[in-house]
Amino acid sequence: MRFSLTTWNINSVRLRIDLVAKFLKSVRPDVLCLQETKCIDDAFPLKRFKRLGYEHIALNGQKGYHGVAVISKLPFDNTDIRTFCDKIDSRHISVSFGEKAQLAKPLVLHNFYVPAGGDIPDPALNPKFEHKLQFLDEMKACEPLHPRGDDRHILVGDLNVAPHENDVWSHKQLLKVVSHTPIECEKLLAAQAHGEWFDVARMRIPMSEKVYTWWSYRAADWTLADRGRRLDHIWVSRALKDGVSDFRITRDARGWERPSDHVPVTATLEV
DNA sequence: ATGGTCGCCGAGCGA
């Protein structure tokens with residue numbers, strides 16, 4: 001079965017529900033994973049998604065901050081929520097598709113919102129950066145995030161790290177900027193390698209090519225300097241990697257009215 | 001140029 005999914009840090013799902021609807025009407029992924037929904041579950045715009053044909057929704061929201069959601073045309077068999085760093089932050093939700101979605105073999109999907117980490121790239125001075133590093137270590141150690149054998153697992157989200165040189169507009173100028181410091185890049189890549197995950201973007205786009213999914217709000221004209229970073233990721237397990245048929249970044253979405261600072265990232269694969 | 005802009009809510013924090 002051909003399966004498509006999108007990850008998008010929406011930076012308030014209620015404020016940008018019309019943009020989400022516009023995206024879903026045009027791209028129609030089977031599953032949409034959102035981060036930074038910024039609302040409690042009771043305030044989530046369920047009906048709008050259901051009208052758009054996305055009837056299966058798994059939520060892990062909290063008031064004002066963070067929040068992740070999986071919005072799907074296909075029914076789930078199970079959903080799960082994990083916590084990290086002994087905090088109750090809503091930064092993870094996973095769903096599994098199986099019999100209800102008429103899949104012969106299960107498909108597990110993890111949706112993450114990794115802590116941004118504040119401004120100062122020193123864990124001794126900045127507790128938010130310390131939290132980010134610990135979160136990445138816990139992701140690496142987390143047993144359910146280690147697909148084995150022919151497990152069909154996908155991990156997506158705003159991982160808040162641009163791990164490779166061409167995942168940022170200037171490797172040199174961002175070496176001391178949180179999101180591209182060596183320590184967090186190493187930790188993210190260690191989690192990726194330890195789980196035997198494959199980075200779909202870099203399977204499809206050469207390492208020599210610049211790739212971004214986020215542009216700061218603080219630039220006068222985001223297109224002019226094009227100072228982006230690749231913070232949003234789609235990883236797949238070994239069993240899925242050869243079935244990937246498409247990968248796209250909806251860069252245009254950064255120029256929509258009242259946009260998120262992140263754009264949708266979509267992969268299509270055989271499952 | 002060491003700022004700048006967002007969204008949460010209703011001041012200041014987090015990104």
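We name chains A, B, ... by the order of the sequence lines, and we start the count at 1 in each one.
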Cation-aromatic face contact A:Lys210/A:Trp169, 6.0 Å, 45 degrees: no

Quantified in whole Å, what is the P atom distance between nucleotide B:dG7 and nucleotide B:dG3? 23 Å

For residues 114-127 of chain A, dump all side-chain donor-acceptor pairs below 3.5 Å to protein atoms at least two apart in sequence or in another chain.
unit_1	atom_1	unit_2	atom_2	d
A:Asp122	OD1	A:Ala124	N	2.8
A:Asn126	OD1	A:Lys128	N	2.9
A:Asn126	OD1	A:Phe129	N	3.4
A:Asn126	ND2	A:Gly117	O	3.0
A:Asn126	ND2	A:Ile120	O	2.8

Quick one: side-chain hydrogen bond (donor to acceptor under 3.5 Å, both in side chains) pairs with a partner in residues 39-50 of chain A, sequence neighbours left out? A:Asp18-A:Arg48

By side chain to side chain donor-acceptor pair (under 3.5 Å), A:Trp215 pairs with (sequence neighbours left out) A:Asp226

B:dA11 to B:dA1 separation - P atoms, rounded to the nearest Å: 37 Å

Who passes side chain to side chain donor-acceptor pair (under 3.5 Å) against A:Arg148, sequence neighbours left out? A:Glu143

Using the P atom as the point on both nucleotides, what is the distance between B:dT2 and B:dG12, in whole Å? 25 Å

In a table with atom names and distances, give each donor-acceptor pair under 3.5 Å that connects a side chain of residues 92-100 of chain A to protein atoms at least two apart or in another chain.
unit_1	atom_1	unit_2	atom_2	d
A:His92	ND1	A:Arg82	N	3.0
A:His92	NE2	A:His110	ND1	3.0

What is the distance, to the nearest angstrom, from the CH2 atom on A:Trp222 to the P atom on B:dC6? 14 Å

Separation between the C1' atoms of B:dC9 and B:dC13, rounded to whole Å: 11 Å

Report, as a single string ordered 5' to 3', how protein heavy atoms within less than 4.0 Å touch nucleotides 7-15 of chain B: B base, S sugar-phosphate only, - not at all. SSS----SB

